[in-house]
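For reference, the structure is listed below as structure tokens.
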Amino acid sequence: MVAEAEMQIGGRIKRLRRQKKVSQADLAQALGISASYLNLIEHNRRKVTVPLLFSLAGQLGVEPGELVDSDEGRLVGDLMEAFGDDLFADSDITNLEIRDLAQSNPAAARAVLRLYDRYRLLGSAGAQKVDVAEPPFHMATDAISDFLQESASHFPALEAAAERIRGDIDNFGDSFESGLKAYLFNVFGQEVRLASLPHGIARQRDPSGRAILISDLIPSETAQFLLAHHLGELAAGAEIEAIIDAANLSEGDAPALARNVLAAYFAGALIMPYEPFLKACRDHRYDIERIGRRFAASFEQVCHRMTTLQRKGAQGIPLHLVRTDIAGNISKRFSLSGIHIPRHSGACPRWNVYEAFMAPERIHVQVSQMPDGQRYFCIARTITKGGYRYNAPKSYLSIGLGCSAHHARDMVYADGIDVFGEGQAVPVGTGCRSCPRMECGQRAHPPADHRFSLDGTSRPESFYARMT
């Protein structure tokens, strides 16, 4: 944990101290250090030893991991992406100033991001001549993504509800599938039946309200998840509404979208109960396909569940997850690993989440190194949705899952790979507009502060490379 304790956590210490209305002098006295030394720590000018980290956590009333596992890195990345817009081309804002804003005033930093989101919406609406009185759906998805990030994608109330109901389900049948169906019938009076539903419909309630119809075309893992999702809406509705009320989601469609997302969270927790699932992850070292067979869950469902293992005292690896289509549109993004996933654009084309499309359904492994030197261990694999009948269209998506390189040894996919070895890492960035790697041959756009300086006598491999 020493390496983690050396992270820049001063901003979080300062915020927690201020929230508790404790003076710098009083906290320093309680810790047995000078006020000037604590001031240096809060400004990230002194490293925090492990004993001091635990003392700080105790005085501030948090777990040590809560001091280390900050979302400042993601906030900094989002801000850099926003300030990379041509709008700020002449502002001369430095990365250090952006980082200072995120660390010292995160509430103001998030307000800047919301303002920038609204600015982009207005620009798009003006070009398309649409009404912006009601925020569009993509604004709601951004709000939900932020909501999940701020919650570390972990909801104890839903975990407790899922564990309680799973115990009853296990008493209703010899298998989870039979017990789930029996529970729905005995508790809610709803029978589960397979049916030939209209194109594009996976689940539908019978007009009588006494039956749940499941499409006979979808895979068994999907059918099981849909039933568990439906049960979440019925049995965990109070918990879901309480979470939404506390989150204060104001964007138009965000509350409705949140209900769907939280019911899906419940479904994952019901199918893959926390303690047995965490044990399987540790025993099988995050072997996704093996764990999927153990819980009769799909590749994507297992990946999602792995990102939610943040129970205090029983935590899994801090992971990031990204889902993209073949055009580079990111439809899901979440990061506890520290890696930044773009908010407003596609990710770096060097990420293996895009490489995976070249060899479908094979797991691609990559050691990714960001411009700041941080390394991440990433895996990616494509999945296919739809096309469950002849000539039906299919959707091709890529799922990326990863962690800090320091946790790579806990994953089976890192066996035989020297994650810190020279020449092992692939240089990647967040996005072209904020990436400083001028010589990258895969650039689609120059950095925001780039000025062309072509002299006509030579042509570099990268059109955006600075001439020397």
Side-chain angles (χ1 to χ4, degrees), residues 3 73-74 76-77 80-81 84 95 285-286 288 299 303 306-307 317-330 332-343 345-383 396-447 460-466:
R74 177 176 180 267
V76 169
M80 287 184 178
E81 188 182 347
N95 290 358
R285 300 177 58 221
Y286 289 78
I288 298 168
F299 186 90
C303 287
M306 285 178 172
T307 67
I317 298 174
L319 296 166
H320 65 258
L321 181 144
V322 59
R323 188 181 74 178
T324 180
D325 64 17
I326 202 167
N329 299 303
I330 294 175
K332 290 183 180 178
R333 59 184 178 90
F334 173 75
S335 178
L336 286 181
S337 70
I339 201 169
H340 177 66
I341 302 170
R343 180 187 185 90
S345 61
C348 175
R350 290 178 179 265
W351 274 18
N352 62 339
V353 72
Y354 298 117
E355 176 189 337
F357 285 110
M358 294 188 286
E361 299 188 2
R362 180 172 71 83
I363 290 179
H364 296 249
V365 175
Q366 183 183 77
V367 179
S368 309
Q369 182 163 317
M370 305 301 287
D372 63 1
Q374 292 294 319
R375 288 193 179 192
Y376 299 91
F377 182 73
C378 307
I379 66 168
R381 202 200 86 171
T382 59
I383 61 172
Y396 299 92
L397 302 168
S398 180
I399 303 292
L401 188 77
C403 61
S404 166
H406 295 284
H407 294 290
R409 64 184 179 275
D410 296 324
M411 300 187 79
V412 67
Y413 307 104
D415 287 353
I417 299 175
D418 181 6
V419 295
F420 293 104
E422 292 293 328
Q424 292 291 328
V426 176
V428 301
T430 299
C432 293
R433 301 296 280 168
S434 58
C435 182
R437 293 192 173 101
M438 299 302 301
E439 286 70 35
C440 176
Q442 293 182 266
R443 271 194 174 278
H445 306 283
E461 288 186 11
S462 172
F463 183 67
Y464 302 110
R466 289 190 173 94

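In this chain, numbering begins with 1 at the start of the sequence shown. Keep in mind that the numbers below use all heavy atoms, side chains included, and drop hydrogens, waters and symmetry copies.
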Worksheet item: Checking R285 side chain against R409 main chain: does a donor-acceptor pair fall under 3.5 Å?
Response: yes

Worksheet item: Can you tell me if Q366 uses its side chain to pair, donor with acceptor, with the backbone of Y376 under 3.5 Å?
Response: no

Response to the item:
The reported gap from CD1 in I288 to SG in C303 (rounded to nearest 0.5 angstrom) is 3.5 Å

Worksheet entry | Heavy-atom donor-acceptor pair, H340 side chain to G429 backbone, under 3.5 Å | no

Worksheet item: Partners of F357 by ring pair (Phe, Tyr, Trp, His ring centres under 6.0 Å), sequence neighbours excluded?
Response: none

Discussion item. Would L401 and C378 count as a side-chain contact (heavy atoms from CB on, under 4.5 Å) here? Give the steps.
Written reply: CA-CA 6 Å; L401 188 77; C378 307; over 6 Å; no

Item to complete: Sorted by first residue and then second, give each side chain to side chain donor-acceptor pair (under 3.5 Å) pair with at least one member in residues 319-328; sequence neighbours left out.
Response: E300-R323, H320-S337, R323-S331, D325-N329

Worksheet item: Under 3.5 Å, is there a donor-acceptor pair between the side chain of Y286 and the main chain of Y413?
Response: no

Discussion item. With side-chain contact (heavy atoms from CB on, under 4.5 Å) as the criterion, how do L336 and L319 come out once you've worked through the C-alpha distance, each side chain's angles and the decisive distance to 0.1 Å?
Written reply: CA-CA 5 Å; L336 286 181; L319 296 166; 5.9 Å; no

Discussion item. If I compare all heavy atoms of V367 with all of V419, which pair ends up nearest, and what's the gap?
Written reply: CG1-O, 3.5 Å

Item to complete: Could you tell me whether the side chain of H407 reaches within less than 4.5 Å of the side chain of F377, counting heavy atoms only?
Response: no

Item to complete: With side-chain contact (heavy atoms from CB on, under 4.5 Å) as the test, would you mind laying out the steps for V322 and K332 before giving the verdict?
Response: CA-CA 5 Å; V322 59; K332 290 183 180 178; over 6 Å; no

Worksheet item: Between C403 and I317, which heavy-atom pair has the shortest distance, and what is it?
Response: CB-CG2, 3.6 Å

Discussion item. Rounded to the nearest 0.5 Å, what separates atom CG in L321 from atom CZ in R333?
Written reply: 12.0 Å

Worksheet, complete the sentence: Output for pair (Q369 CD, R350 CZ), nearest 0.5 Å, gives 12.0 Å

Response to the item:
Taking every heavy atom of T382 against every heavy atom of P360, the minimum-distance pair comes out as OG1-CA, 3.1 Å

Discussion item. Could you measure the distance from the CG atom of D415 to the CD1 atom of I417? Nearest 0.5 Å is fine.
Written reply: 8.0 Å

Response to the item:
Closest heavy-atom pair, Q424 versus D418, reported as atoms and distance to 0.1 Å, is CG-O, 3.1 Å

Worksheet item: Any sub-3.5 Å donor-acceptor pair from R381's side-chain atoms to I363's backbone N or O?
Response: no

Discussion item. Quick check: do H364 and W351 have side-chain heavy atoms less than 4.5 Å from each other?
Written reply: no

Item to complete: Return the minimal non-hydrogen interatomic distance between G421 and R375, and the atom names on each side.
Response: O-NH1, 3.1 Å

Worksheet item: At what distance, to the nearest 0.5 angstrom, does OG of S398 lie from CD1 of I330?
Response: 11.0 Å

Worksheet item: Do you know the tightest heavy-atom contact between A380 and V353?
Response: CB-CA, 3.6 Å

Worksheet item: Quick one: are I383 and I399 in side-chain contact, heavy atoms under 4.5 Å?
Response: yes

